[in-house]
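I have placed the structure first, in the form of structure tokens, so that the comments after it can refer back to it.
Numbering of residues begins at 1 and proceeds along the displayed sequence.
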Amino acid sequence: MIINIFISIVFIFLDQLSKFMATKYLINRDSVVIIPHLLGLKYTENTGMAFSMLSGKTTLLIVITAIALLTMAYFIFIKTFGNRFENFCFLMIFCGGVGNLIDRVCRGYVVDYFEFLFIDFAIFNVADVYVCLGVGLYAIYTIYTEFYLKEKKK
């Protein structure tokens, strides 16, 4: 449990630091190219969730997110669910949710700044990366273990 708390503090700090830096250096600037034709930085304020769904429904998003995060916190910090890898995946999702919840509560919107330049895609942030990586790794792990266990039983 202590390691999960430590990892959470570090991940959430990194997310909030990156948003602070984006707010300090990217507001009122054009997109900054980091990797030509691939990745740029562009400050945006998102009042919704993924792909700006539920834009302007900040209170609803805060309530739903808080309920989901409290549930996840119970399984991550109190009643450990799954093995260490699964727990780490859930911890990443949790940290991403907390990072964006902090923005919604403190600012009324989520600060986004990563921009893919090769495709017309949503602009996102470190917290979003945590959520996507956590979900993606968990999905791959689940599919792998399902196939592995089925093959092993044969």
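- Across Ser18 and Val126, no two heavy atoms sit closer than the pair OG-CG2, 3.4 Å.
- With sequence neighbours left out, the ring pair (Phe, Tyr, Trp, His ring centres under 6.0 Å) criterion links Tyr74 to no other residue.
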### Query
Given the rule in the side-chain contact (heavy atoms from CB on, under 4.5 Å) test, do Phe88 and Arg84 qualify, once you have shown the distances and angles that lead to the verdict?
CA-CA 6 Å; Phe88 181 74; Arg84 286 183 185 173; over 6 Å; no

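- Under the side chain to side chain contact (heavy atoms under 4.5 Å, CB included) criterion, Val63 pairs with Ile67, sequence neighbours left out.
- Between Cys106 atom SG and Gln16 atom CD the span is 7.5 Å, to the nearest 0.5 Å.
- Met21 is not connected to Val110 by any chain of hydrophobic side-chain contacts under 4.5 Å among Ile, Leu, Val, Met, Phe, Trp and Tyr, and they are in different clusters.
- For the pair Arg107/Thr23, a side-chain contact is recorded, criterion being any heavy-atom separation below 4.5 Å from C-beta on.
- The hydrophobic cluster containing Phe75 also contains Ile78, counting ILVMFWY residues as joined when their side-chain heavy atoms lie under 4.5 angstrom apart, directly or transitively.
- Expressed to the nearest 0.5 Å, how far CG of Leu60 lies from OG1 of Thr65 amounts to 8.5 Å.
- The shortest non-hydrogen separation linking Ser8 to Leu91 is OG-CD1, 3.1 Å.
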Would you mind writing out the side-chain donor-acceptor pairs for residues 117-125 within the sub-3.5 Å range, not counting sequence neighbours?
residue: Asn125; atom: OD1; partner: Ala127; partner atom: N; Å: 2.9
residue: Asn125; atom: OD1; partner: Asp128; partner atom: N; Å: 2.8
residue: Asn125; atom: ND2; partner: Asn100; partner atom: OD1; Å: 3.2
residue: Asn125; atom: ND2; partner: Val111; partner atom: O; Å: 2.9
residue: Asn125; atom: ND2; partner: Asp112; partner atom: OD1; Å: 2.7

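- For Ile35, the side chain to side chain contact (heavy atoms under 4.5 Å, CB included) criterion is met by Leu38, Leu39, not counting sequence neighbours.
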### Message
For a side-chain contact (heavy atoms from CB on, under 4.5 Å) check, start with the C-alpha distance between Lys19 and Ile102, then their side-chain angles and the critical distance, and finish with the verdict.
### Response
CA-CA 11 Å; Lys19 290 173 180 173; Ile102 290 170; over 6 Å; no

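- Residues Tyr130 and Phe11 place their aromatic rings such that the two centres sit under 6.0 Å apart.
- Evaluation of the side-chain hydrogen bond (donor to acceptor under 3.5 Å, both in side chains) test over residues 26-37, restricted to residues two or more places apart or in two chains, returns Ser31-Glu115.
- Aromatic ring centroids of Phe94 and Phe77 lie under 6.0 Å apart.
- Annotation: the span from Thr145 atom OG1 to Ile140 atom CD1 amounts to 11.5 Å, rounded to 0.5 Å.
- Residues Tyr43 and Val33 are members of separate hydrophobic clusters, defined by side-chain heavy-atom contacts under 4.5 angstrom among Ile, Leu, Val, Met, Phe, Trp and Tyr.
- Under the 4.5 Å side-chain criterion, counting only non-hydrogen atoms from C-beta, Asn83 is in contact with Tyr141.
- Put simply, the side chain of Leu137 reaches to within 4.5 Å of the side chain of Phe85, judged on heavy atoms.
- Residues Leu101 and Leu133 share a single hydrophobic cluster, defined by chaining ILVMFWY side chains whose heavy atoms lie under 4.5 Å apart.
- Judged as a ring pair (Phe, Tyr, Trp, His ring centres under 6.0 Å), and not counting sequence neighbours, Phe20 has no contacts.
- Linking Ile, Leu, Val, Met, Phe, Trp and Tyr whenever their side-chain heavy atoms come within less than 4.5 Å puts Phe13 and Ile76 in one cluster.
- In terms of heavy atoms, Val131 sits closest to Gly97 at CG2-N, 4.0 Å.
- From Thr44, atom OG1 reaches atom CG of Leu26 across 10.0 Å, with rounding to the nearest 0.5 Å.
- To the nearest 0.5 angstrom, Ile5 atom CD1 is 7.0 Å from Ile9 atom CD1.
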